Amino acid sequence: MAMNTQGRPTSAGEASTKSHKTFTGNYGLQIEEPLSFEIGRPETTGVDLPAPKKMTSRLGKLARAGEIGIPGLSEPETMRHFVRLSQKNYGIDTGLFSLGSCTMKHNPRLNEKMARLPGFGDVHPMQPQSTVQGALELIDTLAHYLKELTGMKAVAMSPKAGAHGELCGMMAIKAALEAKGEGHRRTVLVPDSAHGTNPATAALIGFEVKAVPAQADGTVHVADVKALLGPDVAAIMLTNPNTCGIFEKQIVEIAKAIHAAGAYFYCDGANYNAIVGKARPGDLGVDAMHINLHKTFSTPHGGGGPGSGPVVLSERLAAFVPYPFVHVGNGFELVENEGRKTKAEKPFGRLTAFHGQMGMYVRALAYMLSHGADGMKQASEDAVLNANYIRAGLKDLMSLPFGDQPCMHEALFDDAWLKDTGVTTLDFAKAMIDEGYHPMTMYFPLVVHGAMLIEPTESESKASLDLFIATLRDLARAAKRGEVERFRGAPYHAPRRRLDETRAARNPVLRWTKPQPLAEAAE
Amino acid sequence: MRYLPLTANDRTDMLAAIGVKNIDELFANVPKSKLMRGLPDLPLTKGEIEVERNMGAMAAKNRPASAGPFFVGAGAYKHHVPASVDHLIQRSEFLTSYTPYQPEIAQGTLQYLFEFQTQVALLTGMEVANASMYDGSTAAGEAVLMAHRVTRRKKAVLSGNLHPHYADVIETISRMASDTVVRLDANPVAATADLKAVAAQIDAETSCVVIQTPDVFGNLHDLTALALACEKAGALLIAVVTEVVSLGAVTSPGAMGADIVVAEGQSIGVGLNFGGPYVGLFAAKQKYVRQMPGRLCGETVDAEGKRGFVLTLSTREQHIRRDKATSNICTNSGLMCLAFTIHMTLLGEKGLRQLAAINHANACDLADRLGAVKRVEVLNASFFNEFTIRVPGDSAKIIEKMARKGVLGGVPASRLLPKNKAVKDLILVANTEVNTDDDRAAFVAALEASI
Amino acid sequence: MATTRYTKDHEYVRVEGDVAVVGITDYAQQALGDVVFVELPSIGKDVAKGKGAAVVESVKAASDVYAPVSGKVVEVNADLEGAPGTVNEDSSGKGWFFKMKLANPKDLDDLMDEAAYKAYLATIS
């Protein structure tokens, strides 16, 4: 017979299941990676460029002297450096990303492909307009979709992210008030449950923020709004569905009261994804609402941006869209300044250089075309269905701050059920990391103690939700059983254990600095 | 629909588990009359093939920068981006992650932000940099607001040669916030006169001076004297850089005494994208760090003593300080920071300097060629990779004519300064490493044929 | 002997001659968690009773510290800049914020003494 003489074992045999410390500090696929500044070399570069032509310098006396201090890496080293860093990150493609209010839905790769078509990705904002008619057509098409879905009259496309959109909307309101000679209205009503960006935005342009209370059902009641209305009120900033995951059921009455008082209704559209194709903000009485294309319309969050925050505007604010905007006539014209605008248009100024987040427009439109009217409506319904399924699956173990009522696209729990367990919301979240999940939003909204805001999005299958619910049930039981160690030390299995944020804030180290040679350091 | 995993059976089972009869019971809070019965008046679901066909048709109507000779700049530049950059930023773990609120599973993002902050600080010659703003123009607006907080004054002086869009952004936010802006007239010919005019405006109410180098016409400025004048008056000097590659060749604003430096980082790692997304760089002196807008990433250790990174000094920000925050910014330009950081890491100091040298040499070459064209005048005494030419006649019309000949020859100054009659015959011309001798020859030929 | 008075917002004021030392109470530092930064008023500044005079920051919160009484700031605790943790370690001693000259000694009458403050704490916890 032909003998296998290699002696290579093929069963797990009696291998120890115990872990040990490694020589490198790496653990299999989890590889420690120094800073590029620690491994790069000043003489190394990962790009091959031709020698510059020999010309007389026109830099005058301003030619840079001395070294900059940025080392380079070759291409293979660069690939390895950033791939290793990527492996320390959790993304939507890794698993269920339950971060409430952030809408971590699937990012279709068709979007990416479309954004990289040279006709979109490789065109310059200042090319002659005759050479970018398709780009202007795309902006106009997206604008049409946004207006049609929201039932609004106009849309300001240029805001770069949600908070920038809020700024745009509030500026339009200020401009509208000033145009009516009512610039004295300086109060903006904001519920305590609002995103921090709302009061920050209002304050940035000189408004004074007054808090509106929410009632025991988690919504704002029209009576509370009416009690605060007066000749000094410029606007209300209301999130709908609100940050507790509940649709503001008195929203129509609130809008009427606001309008009757001569003020405007700004709606924070961060949660618009729950109602696309189900209800139109324009029908509800909203005057301005930003849309986070990176939430509702699936453009990637990219580790914190880029976003895009077009603002839809009602008839009452439509004239105030800032530069630039598109006119459609015999072709598409981008209006960048006074000379080309119509008399009816009263732009309040400019929010950014050029025309906004084109790359995000392409992605959002690719998503909208793919879904279509029917798919977008189904996506909203699935998002709401998934959130309610989680709420229903956990409500007997975890506590609901506003009672057992349906939620929209996200389910909010508080920490009342953790009382006396020795486990906090933070601990619970960190234990979820060990189980392979990205934790929910915690301690927000501020109006709920120890808040846990879970948003599964429509991208999760039923099997995925079932496992998530089973996992959280197991964790909840463990917390109640007093298995405190599983929580307090968590995460045990992430690339890093809990990080010392106090130390980071007390002695901020915000950049790498070259280690001093010992002799100098001793001085 | 391919993006939705639930099946019809799943939906039925789940509604039953929740205890409702139909989906609209979950929408019970929506007033009945406001709940949409039908579908929005938009097309129905499409497969990939159809979407590609539809969008490809729109894309085909645009003339990409890479399709022929291309000299358009004015705040956004056509540079070569190495293939590995675009591959890396599409890694799922980067592309589909969120702002790093859970640092234990976001060390990848946090570490590149720390590297980014270090690179930006070194390039600009400043002590600290943040984790990015939306773009250069909004960074400039934020810098002015920050200067107002630091100095407790409310007047900003804007150089006339600041990019007009940047000046518009600053003017808009300032008007809305009831702050004062003094905006000087553009001075394309005598660039040093602009500096003098700015210095003359500094008084005891002045919070800051905003000046760009290279300026919108391409002129380089020594800011040293202006920095001293600002310091004397208790005002801050805000330096704006719209072409960040220039920092590979010219003295950094930090070395000339700037207090805050803002820049458009698009040139490194980020494509043209018809104006966005880009990446705003924001750097300042250490002593102003608590007045800075935006995210900051800092070094710390974990429970086992291993080095790690977290978002820090968050009490400046909107989610904590609310109406007293330094800015309302939340999402910034994460993925574009990553592109910048990767490209910068590939370049290293050596590559950046060489890239800058090529840009400068190519621009010098084109300037020399244009200087030899009759009735065309190069205005700049100094420049990096962009300069201004005077042509006989309406520059916008000449640019259109050149475009019809296949050459995108630059930006007519009148597009940026429509009210300024003195710039009607000026063109801003940019020249980067992507332009060849043939491109420059084509430029000259097209220009000669168009005037 | 120095008199110490307390506010409902958990500031203390300890009167030493005609100078009042202001800080936050032990209860407050515990509620805040690790103090990471303290923003102090400038010397010579007039502060009004009940108005923000300083800011104390933990990692996830920024809180205004209100002046318990009206007066002029005469000294600030510069040591806190490098060692904000002192507020946690010794809030009533080395962790003081600023000293002020009282404008109106009667302001003290509206504040709680130690016993009253302790009783107040019992009602809110």
Side-chain angles (χ1 to χ4, degrees), chain A residues 45-47 52-53 55 60 62 72 82 85-86 88-93 117-119 122 124-126 128 131 134 160-161 163 196 199-201 203 205 209 247 249 302-307 349-350 353-355 357-359 369 372-373 375 392 406 461-462 494 496-497 500 504 509 511-512, chain B residues 1 5 10 18 26 29 39-40 42 44-45 58-59 61-64 72 91-93 96-97 99 104-105 107-109 118 134 137 165 168 172 176 250 273-277 298-300 302-303 308 312 318-319 322-323 325 328 331-335 346 348 350-351 357-358 361 364 382 411:
Chain A
T45 176
V47 295
K53 286 171 174 281
M55 303 293 302
L62 291 170
F82 288 100
L85 290 188
S86 78
K88 301 176 196 305
N89 262 12
Y90 194 101
I92 302 166
D93 293 347
L117 291 174
D122 192 32
H124 190 289
M126 292 279 114
T131 66
K160 295 271 187 178
T201 299
I205 53 172
V209 174
F247 191 95
K249 61 186 170 198
R350 175 179 276 278
F354 313 128
H355 335 313
Q357 305 285 64
M358 178 68 171
L369 290 175
S461 68
K462 181 167 176 293
R496 281 291 178 273
R497 302 290 300 279
D500 188 346
V509 177
R511 58 177 279 195
W512 176 83
Chain B
M1 205 287 140
D10 288 339
I18 295 163
L26 298 176
N29 269 14
L39 289 175
L42 294 168
L44 300 181
T45 304
M58 274 190 239
K61 292 176 197 162
N62 306 317
R63 196 281 211 185
V72 187
R91 292 269 315 183
S92 283
E93 304 90 329
T96 76
S97 63
T99 302
E104 299 88 350
I105 47 172
Q107 285 297 303
T109 299
T118 308
Y134 308 131
S137 68
H165 284 180
D168 288 348
T172 301
M176 289 286 175
V250 305
N273 294 325
F274 200 48
E299 185 181 315
T300 187
D302 77 354
T312 192
Q318 45 78 22
H319 59 284
R322 297 176 80 83
D323 55 336
N328 72 338
T331 289
N332 40 63
S333 298
L335 203 67
L346 279 166
K350 187 182 172 201
I358 295 167
C364 290
S382 68
V411 179

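Everything quoted here is computed from the prediction, not taken from an experiment. Quick note on labels: first sequence line is chain A, next is B, and so on, each numbered from 1.
- Only the side chain of A:Leu117 has a heavy atom closer than 4.5 Å to any heavy atom of chain B.
- Between chain B and the residues A:Lys249, A:Lys160, A:Arg496, the most heavy-atom pairs under 4.5 angstrom are made by A:Arg496.
- No side-chain donor from either of B:Thr300 and A:Asp500 sits under 3.5 Å from a side-chain acceptor of the other.
- Top candidate by heavy-atom pairs under 4.5 Å with chain A, chosen from B:Ile18, B:Asp168, B:Asp10, is B:Ile18.
- Taking chain B as the reference chain and counting heavy-atom pairs below 4.5 Å, the highest number among A:Ala392, A:Ser461, A:Gly307 is found for A:Ser461.
- For A:Met358, the parts sitting under 4.5 Å from any heavy atom of chain B are the backbone and the side chain alike.
- The two residues B:Phe274 and A:His124 come nearest to each other via the heavy atoms CD1-O, 3.6 Å.
- Between chain A and the options B:Leu39, B:Leu44, B:Leu335, B:Asn62, heavy-atom pairs under 4.5 Å are most frequent for B:Asn62.
- Residues passing the ring pair (Phe, Tyr, Trp, His ring centres under 6.0 Å) test with A:Tyr90 are A:Phe97, A:His438, sequence neighbours excluded.
- In this structure, A:Thr201 and B:Asn328 approach most closely via the heavy-atom pair OG1-ND2, 2.8 Å.
- B:Pro64 and A:Pro118 get closest at one heavy-atom pair: CB-O, 3.7 Å.
- With respect to chain A, the highest number of heavy-atom pairs below 4.5 Å among B:Gly308, B:Pro277, B:Ser92 belongs to B:Pro277.
- B:Ala357 touches chain A through backbone and side chain together, each having a heavy atom under 4.5 Å away.
- With a threshold of 4.5 angstrom between heavy atoms, B:Thr312 approaches chain A through side-chain atoms but not through N, CA, C or O.
- Taking A:Gly119, A:Gly375, A:Pro128 one by one and counting their heavy-atom pairs under 4.5 Å with chain B, the maximum is reached by A:Gly119.
- Among B:Lys61, B:Gln318, B:Glu104, B:Lys350, the residue with the largest count of heavy-atom pairs under 4.5 Å with chain A is B:Glu104.
- Most heavy-atom pairs under 4.5 Å with chain B: of the set A:Pro199, A:Gly91, A:Gly349, A:Ala161, this distinction falls to A:Pro199.
- In terms of heavy atoms, B:Thr331 sits closest to B:Tyr134 at O-CE2, 3.2 Å.
- Contact count against chain A (heavy-atom pairs under 4.5 Å) is highest for B:Ser97 among B:Gly275, B:Ser97, B:Cys364.
- Listed options A:Gly372, A:Gly196, A:Ala494 were ranked by heavy-atom pairs under 4.5 angstrom with chain B; first place goes to A:Gly196.
- Here the straight-line distance linking atom OG1 of B:Thr109 with atom CD of B:Glu93 works out to 10.0 Å at 0.5 Å rounding.
- Across all their heavy atoms, B:Met1 and B:Thr45 have their closest contact at CG-CG2, 4.1 Å.
- Among B:Ser382, B:Ser333, B:Gly298, B:Gly351, the residue with the largest count of heavy-atom pairs under 4.5 Å with chain A is B:Ser333.
- Under the rule for a salt bridge (Lys or Arg N to Asp or Glu O under 4.0 Å), the partners of A:Lys53 that lie at least two apart in sequence or sit in another chain are B:Asp365, B:Asp437.
- One distance of note links CZ of A:Phe82 with CG of B:Leu346; it measures 7.5 Å at 0.5 Å rounding.
- Ranked by heavy-atom pairs under 4.5 Å with chain B, the first of A:Thr45, A:Leu85, A:Asp122, A:Ile92 is A:Asp122.
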